[in-house]
Colleague: 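Dropping a structure here in structure tokens format, bear with me for questions.
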Amino acid sequence: MHATDWIPACAATGTVAAYRPVEYRVKLATEAWELREARALRRAVFCAEQRLFDFSDADDVDDDKGAITLVAVSCIHSMSEDVVGTVRVHALGNDVWQGSRLAVRRDYRGQAWLGSELIHLAVSLAHARGAVRFVAQVQQQNVALFERLHWHALEAIELRGRPHMRMEADLAHYPPCATVERGFITTLRTAA
């Protein structure tokens with residue numbers, strides 16, 4: 001058999017499966033590249049995809065030194081590769097915290113429950129920092145997800161011409177997490 005006689009099975013069928021990382025780290029954004037990619041992901045989701053904003057979704061919360069950015073980073077052999085999800089959290093005052101700008105890259109939605117894991121870390125971080133309430137303004141299509149994660153509706157509102165629900169997390173289901181710099185590892189799972 002000559003080397004030219006051998007044809008890999010993927011070449012013969014003309015299909016090659018898309019590579020998907022099997023490990024993701026959900027953590028506090030601590031590196032400049034993580035913050036840069038989180039901002040780019042937010043622009044991709046909220047400006048380009050959903051058209052909620054024209055050029056940027058940045059607002060006063062981003063300028064506030066109290067805003068905290070969390071990221072979901074795909075990993076290859078435990079080495080960080082790409083930011084594939086993000087959320088920001090900040091204190092509103094009186095021990096009330098808010099989460100906002102939850103975004104998962106389109107081609108990573110439904111894998112490893114990244115949105116759920118980002119929500120979990122966001123609420124657990126705020127709980128560790130003294131939150132007695134954690135709220136968010138949730139797009140209507142995501143309300144069921146938040147309800148499964150032990151959130152309850154407060155009131156229906158409209159933001160930027162789209163229906164949203166003000167919701168609050170049940171902190172009893174989110175133990176305090178003070179190790180957000182390290183975060184935690186989640187593995188590839190697909191939504192049912």
Side-chain angles (χ1 to χ4, degrees), residues 25-47 50 52-73 83 85-104 113-184 186:
R25 180 172 295 278
V26 181
K27 63 185 273 307
L28 175 71
T30 55
E31 304 289 331
W33 71 269
E34 293 171 333
L35 290 167
R36 188 174 52 251
E37 285 193 25
R39 286 188 205 104
L41 176 57
R42 284 175 39 186
R43 277 190 306 277
V45 171
F46 298 116
C47 299
Q50 296 182 359
L52 286 169
F53 304 93
D54 291 329
F55 303 105
S56 173
D57 72 317
D59 59 14
D60 294 343
V61 173
D62 292 308
D63 296 333
D64 178 11
K65 298 289 186 210
I68 299 167
T69 299
L70 303 176
V71 292
V73 179
V83 170
T86 187
V87 68
R88 71 177 181 187
V89 297
H90 66 283
L92 294 175
N94 297 325
D95 300 324
V96 178
W97 283 63
Q98 180 168 320
S100 58
R101 301 299 199 268
L102 174 66
V104 174
W113 298 321
L114 295 173
S116 299
E117 298 291 11
L118 284 160
I119 293 165
H120 181 85
L121 187 60
V123 180
S124 294
L125 159 75
H127 198 180
R129 295 191 180 183
V132 296
R133 292 183 67 210
F134 192 95
V135 297
Q137 299 166 346
V138 178
Q139 292 182 18
Q140 190 62 46
Q141 71 267 19
N142 297 322
V143 168
L145 165 66
F146 279 76
E147 288 174 338
R148 284 192 304 274
L149 297 174
H150 304 283
W151 287 61
H152 63 274
L154 299 174
E155 68 175 318
I157 58 174
E158 186 174 299
L159 293 173
R160 304 198 64 81
R162 305 262 177 94
H164 285 68
M165 183 69 69
R166 283 189 38 77
M167 299 187 78
E168 182 174 345
D170 180 351
L171 292 181
H173 291 277
Y174 296 89
C177 177
T179 58
V180 294
E181 291 81 9
R182 278 195 330 260
F184 56 86
T186 186

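Because the structure is a prediction, the values reported are computed rather than measured.
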Colleague: Measuring from atom CE of M167 to atom CE of M165, what distance do you get when rounded to the nearest 0.5 angstrom?
Modeller: 7.0 Å
Colleague: Please tabulate, one pair per line, all N/O donor-acceptor pairs under 3.5 Å involving side-chain atoms of residues 90-101, not counting sequence neighbours.
Modeller:
residue: S100; atom: OG; partner: R88; partner atom: NE; Å: 2.6
residue: S100; atom: OG; partner: R88; partner atom: NH2; Å: 3.4
residue: R101; atom: NE; partner: D57; partner atom: O; Å: 3.4
residue: R101; atom: NE; partner: D57; partner atom: OD2; Å: 2.9
residue: R101; atom: NH2; partner: D57; partner atom: O; Å: 2.7
residue: R101; atom: NH2; partner: D59; partner atom: OD2; Å: 3.2

Colleague: If you compare all heavy atoms of A128 against all heavy atoms of P176, which two are closest, and at what distance to 0.1 Å?
Modeller: CA-CB, 3.6 Å
Colleague: Just to verify, which of V123, L114, L70 counts as forming a side-chain contact (heavy atoms from CB on, under 4.5 Å) with V87?
Modeller: L70
Colleague: How close do E117 and T186 get, heavy atom to heavy atom, and via which atoms?
Modeller: OE2-OG1, 3.4 Å
Colleague: So how far is it from Q140 CD to I157 CD1, rounded to the nearest 0.5 Å?
Modeller: 10.5 Å
Colleague: Would you say E37's side chain and V83's backbone share a donor-acceptor pair under 3.5 angstrom?
Modeller: yes
Colleague: Is any side-chain heavy atom of Q139 less than 4.5 Å from a side-chain heavy atom of L52?
Modeller: yes
Colleague: Roughly how far, to the nearest 0.5 Å, is NE2 of H127 from SG of C177?
Modeller: 12.0 Å
Colleague: Would you name the heavy atoms of L118 and V26 that are closest together and state the gap between them?
Modeller: CD2-CG1, 3.9 Å
Colleague: Please find the pair of heavy atoms, one from A126 and one from F134, that lie closest to each other, and give the distance.
Modeller: CB-CD1, 3.5 Å
Colleague: So how far is it from R25 CZ to E34 CD, rounded to the nearest 0.5 Å?
Modeller: 10.0 Å
Colleague: Atom CG in L28, atom CG in L121: separation rounded to 0.5 Å?
Modeller: 8.0 Å
Colleague: So, taking the atom named CZ in R42 and the one named SG in C47, what distance separates them when rounded to the nearest 0.5 Å?
Modeller: 9.0 Å
Colleague: Name each donor-acceptor pair under 3.5 Å that joins a side chain in residues 145-153 to protein atoms two or more places apart or in another chain, with its distance.
Modeller:
residue: H150; atom: ND1; partner: H173; partner atom: NE2; Å: 3.4
residue: W151; atom: NE1; partner: Y174; partner atom: OH; Å: 3.1
residue: H152; atom: ND1; partner: E168; partner atom: O; Å: 3.4

Colleague: Show the nearest heavy-atom pair for residues V71 and A38, with the distance to one decimal.
Modeller: CG1-CB, 3.9 Å
Colleague: Shortest non-hydrogen contact from R129 to I68?
Modeller: NH1-CD1, 3.1 Å
